[in-house]
Amino acid sequence: MSPLEVLREYWGHDSFRPMQEEIIEAALQGRDVLAILPTGGGKSVCFQVPALMTDGLTLVVTPLIALMKDQVQNLRDKGIKAAAVHAGMSRHEVDLTLNNAAYGDFKFLYLSPERLGTVLFQSYLDVLKISYIVVDEAHCISQWGYDFRPDYLKVGALRDRIEAPVIALTATATPSVAEDIMDKLAFKERLVLKSGFERPNLTYIVRRVEDKNSQLLNLCRGVPGSGIIYARNRRKCEEIASFLAAEGISASYYHAGLGAATRAERQASWKDGSTLVMVCTNAFGMGIDKPDVRFVAHYDLPDSPEAYFQEAGRAGRDGKRSYALQLWNGIDVRRLGQIESVTFPGLEYIEDVYQKLHAAFGIPYDSGMGRQLKFKLEDFCSRFSLRRAEVYHSLKYLERSGHLSYSEEVDIATRVRISVDRKSLYDIEVPEQAMADLLEALMRSYTAIFSFMQEIDEEYLARRIRTTVPQLRVLLYKLSLMHVINYAPADHSDVVLLYHDRLRPGNVDLMPSRYEMLRRTAHSRMEAMHEYVSESTECRQRYLLRYFGQDSSEDCGQCDVCRARAASGGPAAPQEGGEGSSGSAGDVPGSNGDASTGIRRKAPGTMAQFTRRKLQEFIDEREGRYTLASLMEEFGNPSRMYSPDYLSILRTMIDDGTVPMYEG
């Protein structure tokens, strides 16, 4: 079968997206390839198609557990055998999964990076017939990347034992990061295939405002369809969602502090359109395949252009007109400076967190290697009177420096082991028939349940013994009280994996030179983000493309900078809209365009003058009878591109008698 035939059979598509076919062909030729595609560019197809055309198992390294599970399920739904190994799984579960991957004719094995260096995984390398090594989120391997993870460095070491080409994938890589990725992955020849990052259907808007909530409300009212609003902390997510809901907007919030069931329910409600607007931290959005997101708004300034570009890129994957709105003010700039100091606590503080972590779990010196700890950040901070943000970033730096891995919000499934031997089990009298039925179902469904803690499927067992999941959990609890089973209920927790025995004070290598390099790099990224929002002369899209090394690009003609230039009489490049976009250049406020030619003519006046003129027209059309709400709905909508100071302009017009006072 050809790549296109595979695409049609498994995905139902008749053509590839830009650069997908070239990446696939390079992989089929056995070449190492770094694929840089924008968010929503279809990266998974680039390795799944050649994997299905090649004998053997494709190893996929990815840090995103939710994405890993989704892709494995999607492959299984297509009849393709796939498995995953990630944080939160017991040693026996990992062993069983690796065994199935080695001897069960599997096509894909997804692996979280911290598992690469384990003795168990290494012991299977000689029997895993690996055809491709896929590195998702490949920027994580670069020390210059905004999300560097030391575990990724172990991928390069795999090449000493595995003769297989590498397919590295990322949506955000500057030229220096791309070079570093290829170095760390030991590319035999340098090959970078990059799709253009232009998004002709995505309008970038930046607004410096004090009242952010009103801007968000106007956006939600003015742009129909689904949207995402990113906020930095959980409390702010809840406040914004509550505000929008009180104003009649279909909105909810999502952050890592919610339980697994609640998060899944809210995500599903947003995906199917029952909830239109999701207010969330950056815990939301990774790997979510929803093409019809009409806007992405950022309430706070992201730490870097990389994070912003990736999150904003979740809007308009269907090619229709969409908006990326960034709100900011002076407080945000000051907060970025504070974030830098919190993100890089002192090395002495980091070592203190390291020692307290071991003490909290009673781990003595010279022991603890390989321990997997169920970790509650809030409880830890409360016990030692530490601040959450500093502890969080200390753990992240300990991860970066190779001492541990810290996985957030891992879903830990219910585990059960029958603690009595098989013969004695039949002599035990249980008070309820349902208990006997459950024990029988456990024995028949999980053959190793007498030897190991087994991850069980509660819904399957509940159906089998004709009960509900809550009642099943009651039965499991009662059996544990009778000492018939060992029962570990399902949980949702952070997990810390210790890479080595506990070191004594003064012996923890925290790599001071790397620490300083990372601090300087983070500082430069924050400065770049500040420069992006402060920019008033360069097209937003062109600025972002230049940051990522794409120097040859045209002005988008759609962003706030391009439209302001057009309104003030300056040149603004005409821009084709995406499918379903807002149309010709003439639809851009402050321009007079010829729909047949797409030629933009200059418009007189400044942005403030343009807004004043439009306010006059708006009020005249209503013969002076208008409400503030109706005016705000029109002029507060970021997609209309009026001056954000339209209310001040209106007040001046009312004061000088140009227009009458609004009603109501």
Side-chain angles (χ1 to χ4, degrees), residues 63-66 68-69 84-94 111-118 140 147-151 233-234 254-263 281-283 286 342-345 349-415 453 455 487-503 505 508 510:
L64 308 172
I65 295 175
M68 183 189 300
K69 291 178 178 178
V85 173
H86 51 76
M89 297 173 66
S90 70
R91 188 184 191 283
H92 176 68
E93 290 162 350
V94 173
L111 197 76
S112 54
E114 72 273 5
R115 295 288 183 176
L116 288 168
T118 61
C140 294
D147 194 19
F148 171 65
R149 304 188 185 208
D151 288 320
N233 61 59
R234 301 174 183 182
Y254 180 110
H255 54 64
L258 298 171
T262 302
R263 286 185 292 117
T281 61
N282 59 8
M286 280 288 190
V342 169
T343 304
F344 292 92
Y349 184 94
I350 295 172
E351 180 169 354
D352 186 52
V353 170
Y354 171 88
Q355 296 296 349
K356 283 182 167 67
L357 173 68
H358 288 79
F361 288 89
I363 300 172
Y365 295 119
D366 305 318
S367 64
M369 184 172 67
R371 287 276 303 272
Q372 186 168 279
L373 313 174
K374 190 165 69 173
F375 183 74
K376 300 287 188 182
L377 182 57
E378 286 75 12
D379 294 348
F380 180 82
C381 293
S382 176
R383 175 175 175 178
F384 292 103
S385 299
L386 300 172
R387 290 191 292 185
R388 185 184 186 280
E390 281 88 341
V391 171
Y392 172 84
H393 289 291
S394 294
L395 291 170
K396 284 299 182 183
Y397 186 73
L398 286 166
E399 183 176 51
R400 282 173 174 259
S401 50
H403 296 287
L404 51 82
S405 71
Y406 176 40
S407 302
E408 300 173 66
E409 304 301 328
V410 175
D411 292 324
I412 303 172
T414 296
R415 293 179 175 81
M453 292 289 285
E455 181 178 313
Y487 170 45
D491 201 358
H492 181 72
S493 174
D494 295 357
V495 173
V496 173
L497 177 65
L498 302 178
Y499 286 164
H500 53 70
D501 290 337
R502 181 181 179 183
L503 300 170
V508 183
L510 294 176

Please identify which of these residues, Leu398, Leu497, Leu377, Val495, meets the side chain to side chain contact (heavy atoms under 4.5 Å, CB included) condition with Tyr406. Leu377
With rounding to the nearest 0.5 angstrom, report the OG to NZ distance, Ser405 to Lys396. 9.0 Å
Heavy-atom closest pair (Lys69 atom, His86 atom, distance to 0.1 Å) is CE-NE2, 3.6 Å
Distance from Glu455 atom CD to Arg415 atom CZ, nearest 0.5 Å? 6.0 Å
Between Leu404 and Leu357, is the side-chain contact (heavy atoms from CB on, under 4.5 Å) condition met? List the steps. CA-CA 11 Å; Leu404 51 82; Leu357 173 68; 3.7 Å; yes
Could you pull out the closest heavy-atom pair between Ile363 and Arg371, with the gap in Å? CG1-NH1, 3.6 Å
Taking the six-membered ring for Trp, are Tyr397 and His393 ring centroids under 6.0 Å apart? no
Quick one: side chains of residues 381-388, donor-acceptor pairs under 3.5 Å with protein atoms, not counting sequence neighbours, listed by atom name and distance.
residue: Arg383; atom: NH1; partner: Ala360; partner atom: O; Å: 3.3
residue: Arg387; atom: NE; partner: Glu390; partner atom: OE2; Å: 3.2
residue: Arg387; atom: NH2; partner: Glu390; partner atom: OE2; Å: 2.7
residue: Arg388; atom: NE; partner: Glu378; partner atom: OE2; Å: 3.0

Does Tyr392 form a side-chain contact (heavy atoms from CB on, under 4.5 Å) with Val342? I'd like the steps, not just the answer. CA-CA 9 Å; Tyr392 172 84; Val342 169; over 6 Å; no
Identify the heavy atoms of Ser401 and Leu510 that sit nearest to each other, and give their distance. OG-CD2, 4.1 Å
Atom CG in Asp494, atom CG in Asp379: separation rounded to 0.5 Å? 10.5 Å
Do Tyr365 and Pro505 have side chains that approach each other closer than 4.5 Å (heavy atoms only, starting at C-beta)? yes
Do Arg502 side-chain atoms and Pro364 backbone N/O form a donor-acceptor pair below 3.5 Å? no
Please lay out, stage by stage, how Phe380 and Lys376 fare under the test side-chain contact (heavy atoms from CB on, under 4.5 Å). CA-CA 6 Å; Phe380 180 82; Lys376 300 287 188 182; over 6 Å; no
In Å and rounded to the nearest 0.5 Å, what is the OH to CG distance from Tyr354 to Leu395? 12.0 Å
Within a reach of under 6.0 Å around NZ of Lys374, are more than 12 heavy atoms found that belong to other residues, nucleotides or ligands? no
Check Ile350 against Ser394 and note the closest heavy-atom contact, atom names and distance. CG1-OG, 3.7 Å
Residues Glu114 and Tyr499: closest non-hydrogen pair is CB-OH, 3.3 Å
CZ of Phe361 to NZ of Lys356: how many Å apart, nearest 0.5 Å? 15.0 Å
What one should report as the nearest heavy-atom pair of Leu503 and Gln355 is O-NE2, 3.0 Å
